**Q** 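Here it is: the structure, laid out below.
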2 protein chains.
Amino acid sequence: MSSARNLSLAVRRARLPRCRSYARPLLYVPSVTPARAFSVTPAARNATKEVKLTSNAYPNLKRNPNFGEVSVEDVKFFKEVLGAESAVVDGVTADAADDIEPFNGDWMRKYRGQTKLILKPQNKEELSKVLKYCNDKKLAVVPQGGNTGLVGGSVPVFDEIVINTSRMNQIRSFDAASGVLVADAGVILEVADQYLAERDYLFPLDLGAKGSCHIGGNVATNAGGLRLLRYGSLHGSVLGLEAVLADGTIVDSLSTLRKNNTGYDLKQLFIGAEGTIGIITGVSIQCPPRPKAVNVAYFGLESYEHVQRAFLKAKGQLSEILSAFELMDGRSQHLVNQSTGNNFPLEGDYPFYCLIETSGSNGEHDMAKLEAFLEHIMEEGIVADGVLAQDETQFQSIWRWREGITEALSHLGGTYKYDVSIPLNELYQLVEDCRERLTQMGFVGDDESKPVRAVVGYGHMGDSNLHLNVSVRQYNKEVEKAIEPWVYEWIQKRNGSISAEHGLGLAKKEFIGYSQNDIMLKLMKQLKDLYDPNGIMNPYKYI
Amino acid sequence: MSSARNLSLAVRRARLPRCRSYARPLLYVPSVTPARAFSVTPAARNATKEVKLTSNAYPNLKRNPNFGEVSVEDVKFFKEVLGAESAVVDGVTADAADDIEPFNGDWMRKYRGQTKLILKPQNKEELSKVLKYCNDKKLAVVPQGGNTGLVGGSVPVFDEIVINTSRMNQIRSFDAASGVLVADAGVILEVADQYLAERDYLFPLDLGAKGSCHIGGNVATNAGGLRLLRYGSLHGSVLGLEAVLADGTIVDSLSTLRKNNTGYDLKQLFIGAEGTIGIITGVSIQCPPRPKAVNVAYFGLESYEHVQRAFLKAKGQLSEILSAFELMDGRSQHLVNQSTGNNFPLEGDYPFYCLIETSGSNGEHDMAKLEAFLEHIMEEGIVADGVLAQDETQFQSIWRWREGITEALSHLGGTYKYDVSIPLNELYQLVEDCRERLTQMGFVGDDESKPVRAVVGYGHMGDSNLHLNVSVRQYNKEVEKAIEPWVYEWIQKRNGSISAEHGLGLAKKEFIGYSQNDIMLKLMKQLKDLYDPNGIMNPYKYI
């Protein structure tokens with residue numbers, strides 16, 4: 001055994017204390033970017049200044065002249081249907097600019113719409129009346145949940161009416177025998193998960209925006225998140241849906257059955273449709289038992305090739321208890337360090353870091369598996385150094401090195417975000433190629449004259465899902481042109497996906513052709529026309 | 001502690017030896033009803049005698065007069081397109097009655113069609129030409145894989161052309177890093193699983209017909225099977241599909257990506273559509289690592305209430321390693337005993353039995369969890385007695401007590417089969433209510449004058465999926481009328497599903513209204529009309 005390996009092992013032994021098995025309520029504390037992360041930091045505000053109207057930023061987009069404009073009479077009708085004062089934010093017949101502003105913009109300050117009306121129906125019947133009316137009058141609408149999206153999917157482009165789900169926020173039922181939760185679309189993900197935590201169950205989805213996003217929005221965007229590797233896609237875990245179509249038809253398919261082979265599985269069409277064929281009002285979802293023990297380890301690795309080897313070993317050895325395998329490059333971790341001021345978890349500096357989480361029903365068994373795995377990957381020289389959380393504080397602190405990246409980037413100014421799926425062996429190559437390209441073009445540097453501060457890569461290794469982020473001092477058309485469509489062509493050559501989990505929204509609409517062929521697009525448009533012949537549902541976006 | 005409990009525990013200690021951890025290749029040997037189980041036993045042949053033509057058994061079904069009839073010219077065209085001699089079984093221009101017979105009937109001998117032409121395209125291009133031609137000439141078709149279905153979905157009703165997938169039988173690719181398999185639709189499930197076994201992976205689906213069924217048929221019928229509890233639904237694990245629509249359009253969506261949010265997830269529509277909107281030619285599927293250790297235990301329990309308690313405990317304590325929780329009633333086990341002559345696994349006689357399987361990556365850990373679980377449920381008096389397989393022979397032998405039920409029933413004559421989902425707390429009540437109803441009506445008894453031999457219940461407890469089987473000396477309209485629609489009304493009252501995993505086919509078509517409301521049915525018919533306006537795809541069935 002080489003001395004380097006001995007050294008690594010010695011370091012590991014010193015730094016990988018035995019993890020205690022936490023009591024459950026303390027455990028699995030949501031690894032959440034808190035809701036405030038969605039507020040805009042001063043630096044970012046400065047960098048982006050006034051957010052351009054989307055209609056100006058996308059001059060090719062023209063308001064559909066077939067759409068009606070909201071009239072005083074329309075507002076009167078909506079107020080009658082929705083009853084409660086708080087259900088309508090009315091900028092049509094009154095001055096409500098300040099109240100409306102948050103609904104017109106996104107947290108990244110990239111998109112800015114011009115709606116004058118927000119409607120908050122409380123149930124499917126109210127929503128049905130609203131949509132039928134809108135469809136008859138050709139009034140365009142935008143469904144909006146927690147408005148935490150990254151592709152401009154939940155804000156208006158022009159004057160579309162915002163239909164916000166925040167008043168549909170009740171948990172309807174939970175069956176402790178089957179683990180099936182039925183809840184309104186507007187329930188906040190973290191609220192649902194806490195409700196389940198009290199019953200020893202877990203929501204089978206976790207993501208940074210947990211504190212703000214709505215489960216209806218999660219389903220409408222087919223959110224993936226941190227633990228898809230373990231708990232699978234929403235296409236598998238959502239058992240039933242309730243939704244309202246453009247013409248007001250209420251689709252009541254809130255089955256709570258795991259198996260139901262009686263006809264086309266129509267609910268699947270709504271999962272990931274981003275509100276373009278209907279608005280989800282209720283969700284029935286299969287929830288797994290909450291793990292009794294959760295461990296998290298953090299590693300430094302010398303190359304991406306080492307990361308791939310570590311992942312294969314983790315899949316083989318941790319198998320059924322592996323709940324996350326996250327990749328962060330060195331640059332991303334330096335940014336988190338600068339942003340938080342926290343000490344690095346490891347002493348050395350490495351080009352790659354991984355976060356591995358296990359979740360299981362027996363803390364001792366999990367720790368034994370994890371230790372055997374660590375021993376193995378250290379001895380084989382796959383990882384160079386590592387730490388293992390030994391209490392809940394450390395657990396949270398390690399996760400922050402992964403989850404803090406988005407916030408760290410937001411402190412620097414604007415970020416061009418690409419959320420892509422690429423076959424594992426080339427996953428990180430995209431970051432290197434992009435960095436090289438922008439550097440050669442003279443865009444990257446530490447001095448203020450250079451538009452690009454950093455090109456970083458991180459993501460869900462376990463799902464072949466990379467987040468390529470290009471941090472800019474301010475949004476810059478030249479940089480954008482250097483990246484797009486180059487990045488999409490790069491992905492297309494590898495049969496990857498130009499949107500792994502963030503969806504299409506407005507940002508990716510025009511690039512879908514890089515991941516879907518003409519026949520698929522034709523079939524998709526055929527479906528859109530079938531369900532929304534007037535095109536009022538979330539227009540200008542998606543396909 | 002009561003003496004009964006002491007006794008049980010003593011029995012358990014004597015009868016639950018430590019399970020050895022098998023070497024992998026021996027392990028997880030497919031728990032399969034062998035292909036020959038689909039042949040018809042002499043008793044069954046006698047009971048059902050000549051199989052009635054489906055058109056006679058369902059006199060209300062009339063051949064659609066819009067459909068064309070296959071002509072000599074058509075056959076010539078098909079022979080040209082498909083080339084190979086073996087690709088066409090031609091009963092139109094030649095006498096091929098014997099060769100055609102197996103394609104016209106099902107293994108249960110319930111359905112009998114009248115096709116005169118079998119086509120076996122070898123790839124999507126050939127199939128595309130065939131379907132386009134059929135659509136233009138309004139020639140109806142029936143897709144057929146391994147023809148192992150239970151609802152008459154894969155056999156013709158009248159003279160529909162059978163399109164058999166057996167010549168599309170190539171494994172296209174497998175990526176050992178991601179675990180993604182891409183294969184032709186006609187690959188036999190067991191072949192795919194054995195291919196994966198050699199690479200330490202597992203097909204995420206297992207069912208009795210494994211030795212005969214095609215993976216394309218599994219996807220088209222959204223098969224559930226024995227380990228859905230662990231590996232989830234095909235809606236989650238199928239990553240991509242290739243299919244041909246009625247008009248010959250080739251839908252190429254064979255993505256191998258776990259995450260891909262670029263537009264409507266159209267492939268989902270084909271999963272469970274039973275070939276009514278297109279024919280699947282290729283499948284891309286996410287496969288889990290093959291477990292290194294598999295254990296199986298078999299219990300006797302005093303009541304269904306005990307079974308429910310055992311299931312909840314298993315979910316909580318075995319959690320991530322629980323891979324099957326099967327329920328068998330006492331009657332079903334007596335039938336297996338009579339059919340196989342094997343000794344019962346337990347000494348006592350119990351009203352209920354469970355089979356619990358664990359699959360994990362560490363044999364010692366799994367055994368420790370299983371032993372703690374067993375200790376707990378014995379001490380709590382939840383189970384009365386049990387055995388644990390200690391070698392592969394015992395593993396197979398225990399599974400046979402669950403998987404041999406179908407075959408045991410087939411030896412007795414005809415079987416009315418109901419495959420339903422019901423909330424767990426009432427799952428077995430259906431069997432009791434059905435048995436009581438048929439008994440009160442004077443149908444049940446041991447003497448030859450009684451049409452019903454037995455009313456048995458078994459199924460996938462872990463998925464709330466019950467198989468209610470009514471074994472009859474011969475198929476009997478009076479008995480059928482006593483069961484239907486009573487059984488469907490019973491299920492409807494509990495918001496259950498009248499077809500959990502077997503699908504609709506011809507058998508359940510007219511009963512879909514018990515599990516789907518009018519709006520859902522309308523939306524389904526709208527989709528059918530969109531994709532198959534001439535209605536040539538698997539007509540007379542499904543919705």
Side-chain angles (χ1 to χ4, degrees), chain A residues 177-178 221-222 224 228 232-233 235-236 249 251-253 257-266 268-269 271-273 289 308 312 315-317 319-321 360-362 365 369 421 424-425 463-465 496-504 512 515-517 519-520 523-524 526-527 530 543, chain B residues 177-178 221-222 224 228 232-233 235-237 249 251-253 257-266 268-269 271-273 289 312 315-317 319-321 360-362 365 369 421 424-425 463-465 496-504 512 515-517 519-520 523-524 526-527 530 543:
Chain A
S178 63
T221 57
N222 190 29
L228 186 132
S233 142
H235 285 289
T249 299
V251 179
D252 183 356
S253 183
L257 307 166
R258 272 188 96 123
K259 288 182 175 175
N260 183 12
N261 278 352
T262 53
Y264 304 122
D265 196 354
L266 283 172
Q268 300 287 353
L269 286 179
I271 302 176
Q308 289 183 76
L312 273 181
K315 262 180 79 168
Q317 290 190 247
S319 193
E320 69 272 9
I321 62 165
S361 60
N362 183 311
H365 292 168
K369 286 189 182 85
S421 285
L424 217 52
N425 61 336
D463 311 318
S464 285
N465 179 189
S497 171
I498 61 123
S499 187
E501 58 177 4
H502 293 174
L504 295 167
I512 185 174
S515 287
Q516 297 282 0
N517 59 43
I519 288 175
M520 289 303 286
L523 292 171
M524 287 183 196
Q526 192 184 39
L527 275 184
L530 180 71
I543 55 168
Chain B
S178 62
T221 56
N222 189 29
L228 187 133
S233 141
H235 286 289
S237 52
T249 298
V251 179
D252 182 356
S253 183
L257 307 167
R258 272 187 96 122
K259 288 181 175 175
N260 182 14
N261 278 352
T262 54
Y264 304 122
D265 196 354
L266 283 172
Q268 300 288 352
L269 286 179
I271 303 175
L312 273 181
K315 260 179 80 169
Q317 290 190 247
S319 194
E320 69 273 9
I321 62 165
S361 59
N362 184 311
H365 292 170
K369 285 189 183 84
S421 285
L424 217 54
N425 62 336
D463 311 318
S464 284
N465 180 187
S497 171
I498 62 123
S499 185
E501 58 176 5
H502 293 173
L504 295 167
I512 185 175
S515 285
Q516 298 282 0
N517 59 44
I519 288 175
M520 291 301 287
L523 292 171
M524 287 182 195
Q526 194 183 37
L527 275 184
L530 180 72
I543 56 168

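Residue numbering restarts at 1 for every chain, and letters A, B, ... go by the order of the sequence lines. In this text, all values refer to a predicted model and were calculated from it rather than measured experimentally.
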**Q** How long is the gap from CD on A/Glu501 to CZ on B/Arg258, to the nearest 0.5 Å?
**A** 12.0 Å
**Q** Quick check on B/Leu523 against chain A: is it the side chain, the backbone, both or neither that has a heavy atom closer than 4.5 Å?
**A** both
**Q** With a 4.5 angstrom heavy-atom cut-off, could you sort out which part of B/Leu269 is near chain A: side chain, backbone, both or neither?
**A** both
**Q** Would you sort out whether B/Leu266 and A/Leu527 count as a side-chain contact (heavy atoms from CB on, under 4.5 Å), showing the intermediate values?
**A** CA-CA 9 Å; B/Leu266 283 172; A/Leu527 275 184; 3.2 Å; yes
**Q** Report yes if some heavy atom in the side chain of B/Gln268 is under 4.5 Å from a heavy atom in the side chain of A/Asp265; otherwise report no.
**A** no
**Q** Between B/Gly316, B/Ser178, B/Pro289, B/Ser421, who has the most heavy-atom pairs with chain A when the cutoff is under 4.5 Å?
**A** B/Ser421
**Q** Is any side-chain heavy atom of B/Asn261 closer than 4.5 Å to a side-chain heavy atom of A/His502?
**A** no
**Q** Quick check for you: among A/Ser319, A/Ala273, A/Ala500, A/Gly236, which has the greatest number of heavy-atom pairs under 4.5 Å with chain B?
**A** A/Ala500
**Q** Chain A heavy atoms under 4.5 Å from B/Ser464: which part of the residue, side chain, backbone, both or neither?
**A** neither
**Q** Side chain from CB out, backbone as N, CA, C, O: work out which of these in B/Ser237 comes under 4.5 Å of a heavy atom of chain A, or both, or neither.
**A** neither
**Q** Look at A/Gly503, A/Gly496, A/Gly232, A/Gly263 and state which one has the largest set of heavy-atom pairs under 4.5 Å with chain B.
**A** A/Gly263
**Q** With a 4.5 angstrom heavy-atom cut-off, is it the side chain or the backbone of A/Asp463 that approaches chain B, or both, or neither?
**A** both
**Q** Between B/Gln317 and A/Ser361, is any side-chain donor less than 3.5 angstrom from a side-chain acceptor?
**A** no
**Q** Among B/His365, B/Met524, B/Lys315, B/Glu320, who wins on heavy-atom pairs under 4.5 Å with chain A?
**A** B/His365
**Q** Is a side-chain N or O of A/Asn362 found less than 3.5 angstrom from the main chain of B/Lys369, in a donor-acceptor match?
**A** no
**Q** Checking heavy atoms, do the side chain of B/Asp252, its backbone, both or neither come under 4.5 Å from chain A?
**A** both
**Q** Mind checking side chain to side chain contact (heavy atoms under 4.5 Å, CB included) for B/Thr262 and listing every partner two or more places apart, or none if nothing turns up?
**A** A/Ser497, A/Ile498, A/Ser499, A/Leu504, A/Ile512, A/Ser515, A/Gln516, B/Asn260
**Q** Chain A heavy atoms under 4.5 Å from B/Asn222: which part of the residue, side chain, backbone, both or neither?
**A** both
**Q** Of all the heavy-atom pairs spanning A/Gly224 and B/Lys259, show the shortest one and how long it is.
**A** CA-CE, 4.0 Å
**Q** For B/His235, what residues pass the ring pair (Phe, Tyr, Trp, His ring centres under 6.0 Å) criterion, not counting sequence neighbours?
**A** none
